[in-house]
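Shown next, in structure tokens, is the structure this report addresses.
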Amino acid sequence: MAAAFVLRRLYRARLALRCPPAQLPWAPRRGHRLTPADDELYQRTRISLLQRESPHDMYIDSYNSRGFTVNGNRVLGPCALLPHSVVQWNVGSHQDITEESFSLFWMLEPRIEIVVVGTGDRTERLQSHLLRAMRQRGIAVEVQDTPNACATFNFLCHEGRVTGAALIPPPGGAALTSLAQAAE
């Protein structure tokens, strides 16, 4: 008997809810009334995944004496990182860097703003006429040791700058040095 009474009340309540809101004997109380300006109710919401926002960004994952790991791909020896690609860079040391070896950075579109040069385990000076030639073409050059050059390159790419890198692996042991571990 009690169950029939409860079912009858639920059935009546269900019928009452089918009525338009103006005919309800009571109005729901809300702290905030929705208006047509509210995005969630009246407009589409767009969601973008972090991985897909910048799929072509280059990031240096790690380096060792034999080469680099860029976006999960292993690159042996000196390399030049461009906005959408990695190429082998035919230099043996900082003394082999010439205007011709830098030519690939000013021939690209979109124009590279800055080239980060990693000269091995310590910062070496580049020839002044080489730096002057790059400046005349509107490209800034930042010369650092390779570990700092990798970190600078990653930072500039994260900022959205059009950046290139010319990297020479640091000599030394074959142990892998991860940039994520170095940051910790």
Side-chain angles (χ1 to χ4, degrees), residues 45-184:
T45 301
R46 182 180 172 149
I47 298 173
S48 58
L49 301 175
L50 291 177
Q51 293 92 353
R52 293 190 185 155
E53 282 189 18
S54 51
H56 300 292
D57 280 348
M58 303 292 289
Y59 289 103
I60 303 168
D61 299 322
S62 61
Y63 59 88
N64 64 19
S65 62
R66 287 178 271 173
F68 304 89
T69 305
V70 180
N71 289 355
N73 299 311
R74 191 86 177 106
V75 181
L76 297 176
C79 65
L81 302 178
L82 306 171
H84 301 290
S85 60
V86 180
V87 296
Q88 292 295 136
W89 197 38
N90 194 18
V91 296
S93 71
H94 72 282
Q95 296 166 342
D96 298 332
I97 299 173
T98 63
E99 193 171 338
E100 183 182 354
S101 65
F102 267 145
S103 65
L104 62 112
F105 292 107
W106 66 69
M107 294 172 22
L108 295 175
E109 282 297 324
R111 193 148 186 84
I112 291 181
E113 299 173 29
I114 184 167
V115 174
V116 181
V117 181
T119 57
D121 60 345
R122 42 181 247 202
T123 304
E124 302 287 349
R125 293 196 106 170
L126 296 183
Q127 300 169 5
S128 61
H129 70 79
L130 174 63
L131 298 174
R132 197 173 324 113
M134 293 295 281
R135 200 171 327 123
Q136 287 173 348
R137 289 176 170 89
I139 301 173
V141 177
E142 180 69 33
V143 182
Q144 299 177 335
D145 59 337
T146 298
N148 287 321
C150 291
T152 301
F153 176 80
N154 286 347
F155 178 77
L156 291 171
C157 285
H158 181 72
E159 276 189 337
R161 306 276 301 270
V162 182
T163 307
L167 303 171
I168 300 170
L176 185 67
T177 304
S178 172
L179 293 178
Q181 292 171 349
E184 294 171 356

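Because only heavy atoms are used, hydrogens play no part in the values below, and waters and symmetry mates are left out as well, while side chains stay in.
In the displayed structure, Glu159 atom CD is contacted under 6.0 Å by more than 12 heavy atoms of other residues, nucleotides or ligands. The environment of Asn90 atom CG is sparse: at most 12 non-hydrogen atoms of other residues, nucleotides or ligands sit within 6.0 angstrom.
When only modelled atom types and interatomic distance are considered, Glu142 and Thr152 share no side-chain donor-acceptor pair under 3.5 Å.
Residue Phe153 comes nearest to Ile60 through the heavy atom pair CD2-CD1, 3.7 Å, listed as atom of the first residue, atom of the second, then distance. Of all the heavy atoms in Thr119 and Glu124, the pair that sits closest is OG1-N, 3.1 Å. Between Gly164 and Ile112, the closest heavy-atom pair is N-CG2, 3.7 Å.
To the nearest 0.5 Å, the span separating CZ on Arg137 from CD on Glu99 amounts to 5.0 Å.
Checking side-chain atoms of Gln127 against main-chain N and O of Ile97 turns up no donor-acceptor pair under 3.5 Å. For Asp121 (side chain) and Pro170 (main-chain N/O), no donor-acceptor pair under 3.5 Å exists by modelled atom type. Here the side chain of Thr146 pairs a donor or acceptor atom with the backbone of Ile168 at under 3.5 angstrom. Remark: the backbone N or O of Thr123 is not paired with any side-chain donor or acceptor of Asp145 at under 3.5 angstrom. Distance alone, capped at 3.5 Å, is enough to place a donor-acceptor pair between the Trp89 side chain and the Ser101 backbone. At least one donor-acceptor pair closer than 3.5 Å links the side chain of Arg74 to the backbone N or O of Phe68. Counting only distance, with no hydrogens or angles, the side chain of Asn154 and the backbone of Ala151 share no donor-acceptor pair below 3.5 Å.
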